[in-house]
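See below for the structure under consideration.
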Amino acid sequence: MGRDPDREPPFFFLKPSDTVVDNGVSVPYPPQTKNFHYEIELVVAIAVGGADILIERALEHVYGYAVGNDLTRRDLQLAAREQGRPWTGGRGSICLPSSHRCTR
């Protein structure tokens with residue numbers, strides 16, 4: 001996402017709720033990868049969906065925020081990108097420390 005400084009900034013990506021792992025839970029090294037990365041992410045939990053939301057009302061749709069550790073099978077992600085395929089196969093879990101659960 002940060003490869004080209006002339007591109008528009010990234011906007012968001014999706015992590016399904018079933019990929020959330022509690023603090024202290026061991027995450028096994030995933031199969032089919034030799035390049036397992038982690039990075040810190042700002043997690044924004046959406047409370048209410050919507051469309052064409054006014055900027056002034058946007059925060060009404062946010063449940064809360066958290067800090068997460070995003071886990072990615074980078075080699076699978078890059079291979080999919082090179083083939084023009086969705087990157088979701090490379091995405092892994094996101095670990096949320098229990099002390100940083102989403103709060104409003």
Side-chain angles (χ1 to χ4, degrees):
M1 292 171 94
R3 295 177 68 195
D4 184 352
D6 296 326
R7 280 182 45 186
E8 289 183 40
F11 53 103
F12 74 93
F13 66 87
L14 173 69
K15 279 287 192 174
S17 60
D18 64 352
T19 63
V20 175
V21 177
D22 280 329
N23 187 41
V25 173
S26 293
V27 177
Y29 198 95
Q32 301 174 334
T33 188
K34 291 185 169 63
N35 194 357
F36 194 41
H37 281 209
Y38 58 91
E39 58 192 0
I40 194 81
E41 298 284 359
L42 170 64
V43 178
V44 180
I46 305 300
V48 180
D52 301 319
I53 300 166
L54 297 173
I55 292 173
E56 300 81 29
R57 304 207 56 190
L59 290 178
E60 295 172 18
H61 296 261
V62 174
Y63 174 79
Y65 305 90
V67 175
N69 187 6
D70 180 34
L71 307 174
T72 302
R73 296 181 293 179
R74 189 71 70 207
D75 48 352
L76 300 182
Q77 179 189 40
L78 295 175
R81 182 181 72 184
E82 302 227 348
Q83 296 173 12
R85 295 184 176 169
W87 299 4
T88 53
R91 288 286 184 205
S93 300
I94 190 160
C95 302
L96 297 178
S98 56
S99 61
H100 292 91
R101 286 282 180 219
C102 293
T103 56
R104 190 161 212 193

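All of these numbers come straight from a predicted model, not from anything done at the bench. Because only heavy atoms are used, hydrogens play no part in the values below, and waters and symmetry mates are left out as well, while side chains stay in.
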Looking only at heavy atoms, what is the nearest atom pair of [X] and [Y], with distance?
X	Y	value
Val62	Ala47	C-CB, 4.0 Å
Arg73	Phe36	CG-CD1, 4.1 Å
Gly68	Val43	N-CG2, 3.9 Å

For the atom pair [atom1] ([X]) and [atom2] ([Y]), what is the distance rounded to the nearest 0.5 Å?
X	Y	atom1	atom2	answer
Gln32	Leu76	CD	CG	6.5 Å
Gln77	Thr33	CD	OG1	10.0 Å
Leu71	His37	CG	NE2	11.5 Å
Asp70	Ile40	CG	CD1	9.5 Å
Tyr38	Arg74	OH	CZ	12.0 Å

(Q) Just to verify, what does Leu42 make a side chain to side chain contact (heavy atoms under 4.5 Å, CB included) with, not counting sequence neighbours? (A)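 Partners of Leu42 under the side chain to side chain contact (heavy atoms under 4.5 Å, CB included) test: Val44, Tyr65.
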Q.
Does Val48 form a side-chain contact (heavy atoms from CB on, under 4.5 Å) with Glu60? I'd like the steps, not just the answer.
A. CA-CA 8 Å; Val48 180; Glu60 295 172 18; over 6 Å; no
Q. For the hydrophobic clusters of this structure (ILVMFWY residues joined by side-chain heavy atoms under 4.5 Å, transitively), does one cluster hold both Leu59 and Leu54?
A.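 Different hydrophobic clusters.
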